[in-house]
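To keep things clear, I will list the structure first and then write my remarks on it.
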Amino acid sequence: MLIKLLIANRGEISCRIIKTAKRMGIHTVALYSDADADALHVQMADEAVHIGPPPSKDSYLQAERIIEVARKVGADMIHPGYGFLSENAHFARLCEDNQIVFVGPPVPAIDAMGSKSAAKKIMEAAGVPLVPGYHGEDQSAALLKQHADEMGYPVLLKAAAGGGGKGMRQVHSSSEFEHALAAAKREAMASFNDDIMLVEKYLTQPRHVEIQVFCDMHGNGVYLFERDCSVQRRHQKVIEEAPAPGMTEALRSQMGEAALKAAAAIGYVGAGTVEFLLDTDGSFYFMEMNTRLQVEHPVTEMISGQDLVEWQLRVASGEELPLSQDELQINGHAFEARIYAEDPNNEFLPATGVLNFLQPPEESEYVRVDTGVRQGDKVSVYYDPMIAKLIVWDEDRPKALRRLVKALSEYRVKGVTTNIDFLYNLANTKAFKQAQLDTAFIDKHQSEIFLQNEDDLASLLPLAALYIVLNQEQGPQSLNSQDLYSPWQNLTAWRANATHIQGLEIQIHDQVHAVQVSRLNSGPQASYQITGQGFNVQCQGQVKGDVLTAVIDGHRQKITISHPADGEQGCSLYTQHSALHFKQKLPDLGLLDADAHGGGLTAPMNGTIVNLMVNPGDSVEKGQVLVIMEAMKMEHSLKAPSAGKVVEFFYQSGELVDGGAELLSFEAAES
Ligand code: ADP
């Protein structure tokens, strides 16, 4: 067994790899950029070496420099994690040239999966099922259209060099074809400098089901079952699970065998993932093969009881696979939710800031938290804003889902906007409980996930109002104290001989809701009449620790609360069905919007400018999109913080920008 491992990565995945290496008695070396000098992965490793300034291109992507470091510290293997250099054939080749073991597949296997059309040709020859389509060399528009017509609409045009959904167009009829082809080619040319197109049958309700494969250097290969990653936003996975709901033994072994065939076709060694689209009739089609460990590998570990990083390190050291196919078994069900610093209500724009309070749910045999940050750490503009992966396991899907929902309601993150409430609402939809999964899941169930219907608000707003008045009366400090009835903590506005009516303004995302609260009696068992759009209810309640006990028109419920942190206003309530994040809108004393100007005009992370949406000097409204940029495979709109005008753009479309860079100068209109 090799004994000194350099991890060419950072954050969560570095920590994950270090844990296993330590258990195996392997000495670990971490890398760090200036931004990561005090990061958790640096602290966990036995050694750590500074690699450069914060932007990835100057640090974690510096292939030659990383090799130099590995040689200097005497590392005999390098684990690339995922992202960064994990699928970079040049880096794998450099490792080989320097007699350092690359924990990943051989160079030709990485190369083979680099182009979509080349990968499809290899898979077709190996007998792996492909989405019906054309991926030939002759690119004449007439021929492409003829293939589409024969296949029948809808079809999907895809750039051969594509990635991140770019250069991809759905075409619904023959008459739209030429126009769509021209647009897809333009986009592909701009993004990849290559406009070769594939034409595929467009599946209308596919699931994304992927198979984990593992091969060693001795000709053995196994599949560790499947993961369902259908719940996606803009082709990015949000919640993954294993096994795939509704999977039959027959289909599982067909897909597993197909994935092994795919791996064998390119002489694969190590951990790999073969991604398939699974159609409603049970047909499945090869999409791509990821030649690395996946972000979502923990769900496979939870149901198989195996440590995939250990397998990787053993295989890379030349050992045989630890188990054969018939020794592998599925036990129970697992979910993974990706906890991100991002704003789901603003097109998932990455958020940055200091994690001034961070309390994950308690870990156990059912709950696992893979993270690379601690309280007090900063989510910077330079890297993927993932805070953690929350993984849960139980004997079956319904039980595991209950664990997921509970753990999400217990996850406390303050200081940055997160997607936790979004994940909670998603996991609570009826369709998710019933496992009605396909890749359009989030679009289809938007109104439930984003609480866009009046009934949801009519049941949630009284709870928010009740929490606010209890908070006022008990005093914020007393909410966590045992002595709820201390006269010193009673801040009630109750007056003798008069009903006190209070108007509250409760802000949910951008909407402000007016709610009236009348106090009906006094004392510790005070009750309130709470009215607003679509509701008029009588309530009583009490807050103890993180639990609000609310009695609304005689219905008693216990609701988990995530209280606001010092200096913050936002608060979340988790009922049995939904999470509500709200703020009490306080009178504007001119202080609240102090930092609004200039906010959002810097790049939220490293990326590329896609489009400037206005001209310098144009008057714009608050919220109008000024710039579209692409980062982490997604497009993000940067909006005007107020009415005003753009004086100057500092970048043009197509240019790369570093996270934090100022993109434009903005002049707010006089109010
Ligand atoms: P990229 O490499 O650009 O991300 P992929 O080929 O991996 O593109 O496809 C990304 C996503 O697009 C898939 O996860 C799936 O949701 C959708 N998709 C791809 N091909 C098809 C198809 N033929 N029919 C329907 N959806 C598809």
Side-chain angles (χ1 to χ4, degrees), residues 82-83 86-87 110 112-124 128-135 144 147-148 151-172 180 183-185 187-192 194-211 226-241 244 255 259 262 272-292 294-296 338 437-444 608 610 630-635:
Y82 51 72
S86 60
E87 291 180 289
I110 303 178
M113 293 295 105
S115 147
K116 272 192 209 309
S117 46
K120 290 203 169 176
K121 279 197 194 107
I122 297 172
M123 293 307 151
E124 190 170 42
V128 179
L130 301 182
V131 184
Y134 171 78
H135 43 269
L144 294 176
H147 278 285
M151 218 176 293
Y153 293 86
V155 301
L156 187 66
L157 291 167
K158 262 189 201 178
K166 267 182 301 198
M168 223 152 90
R169 276 281 186 298
Q170 282 175 43
V171 192
H172 298 277
K185 274 181 173 286
E187 207 172 288
M189 201 60 187
S191 303
F192 315 112
D194 177 341
D195 65 356
I196 295 179
M197 286 287 145
L198 324 180
V199 189
E200 272 182 10
K201 181 83 196 146
Y202 182 72
L203 309 179
T204 50
Q205 281 183 54
R207 282 163 65 183
H208 172 121
V209 175
E210 57 185 35
I211 305 286
E226 75 284 353
R227 296 182 283 260
D228 191 317
C229 313
S230 300
V231 178
Q232 303 178 351
R233 49 147 171 102
R234 299 197 240 171
H235 308 311
Q236 301 291 300
K237 296 161 187 168
V238 173
I239 294 185
E240 303 97 347
E241 60 183 290
M255 291 182 81
T273 294
V274 184
E275 296 188 335
F276 293 104
L277 285 175
L278 176 61
D279 208 352
T280 41
D281 63 0
S283 331
F284 60 90
Y285 308 102
F286 172 83
M287 206 165 22
E288 64 178 341
M289 178 163 187
N290 291 320
T291 53
R292 56 173 159 80
Q294 300 269 99
V295 178
E296 60 274 20
R338 302 186 185 193
L437 307 176
D438 69 68
T439 53
F441 186 92
I442 292 176
D443 283 343
K444 278 188 195 160
T608 312
V610 175
E630 191 231 282
M632 302 303 301
K633 299 200 262 174
M634 284 178 53
E635 288 193 352

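Counting starts at 1 for both ligands and their atoms, following the listed order. Heads up: numbering here begins at 1 and tracks the sequence.
With a heavy-atom cut-off of 4.0 Å, Leu203 touches ligand 1 through backbone and side chain alike.
Evaluation of the ring pair (Phe, Tyr, Trp, His ring centres under 6.0 Å) rule for Phe286 yields no partner, not counting sequence neighbours. Contacts of Glu240 classified as side-chain hydrogen bond (donor to acceptor under 3.5 Å, both in side chains), with partners at least two apart in sequence or in another chain: Arg338.
Gln232 has its side chain out of reach of Ile442: every pair of non-hydrogen atoms, C-beta onward, lies at least 4.5 Å apart. Looking at heavy atoms from C-beta onward, Asp438 lies in side-chain contact with Lys444 at the 4.5 angstrom threshold.
Comparing Leu277, Val131, Asp438 against atom 22 (C) of ligand 1, the shortest heavy-atom distance belongs to Leu277. Compare Gln232, Lys116, Glu288 by their heavy atoms: the one nearest to atom 8 (O) of ligand 1 is in Lys116.
Interface of Glu200 with ligand 1, defined as ligand atoms under 4.0 Å from a residue heavy atom, comprises 20 (N), 22 (C), 23 (N). Less than 4.0 angstrom separates some heavy atom of His208 from each of these atoms of ligand 1: 14 (O).
For ligand 1, none of its N or O atoms has an N or O atom of Tyr202 under 3.5 Å away. For ligand 1, the polar-atom distance check against Lys158 finds a nitrogen or oxygen pair separated by under 3.5 Å.
A donor-acceptor pair is defined here as one N or O able to donate and one able to accept, closer than 3.5 Å; no such pair exists between the side chain of Asp195 and the backbone of Met197.
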Please lay out, stage by stage, how Arg207 and Thr280 fare under the test side-chain hydrogen bond (donor to acceptor under 3.5 Å, both in side chains).
CA-CA 8 Å; Arg207 282 163 65 183; Thr280 41; over 6 Å; no
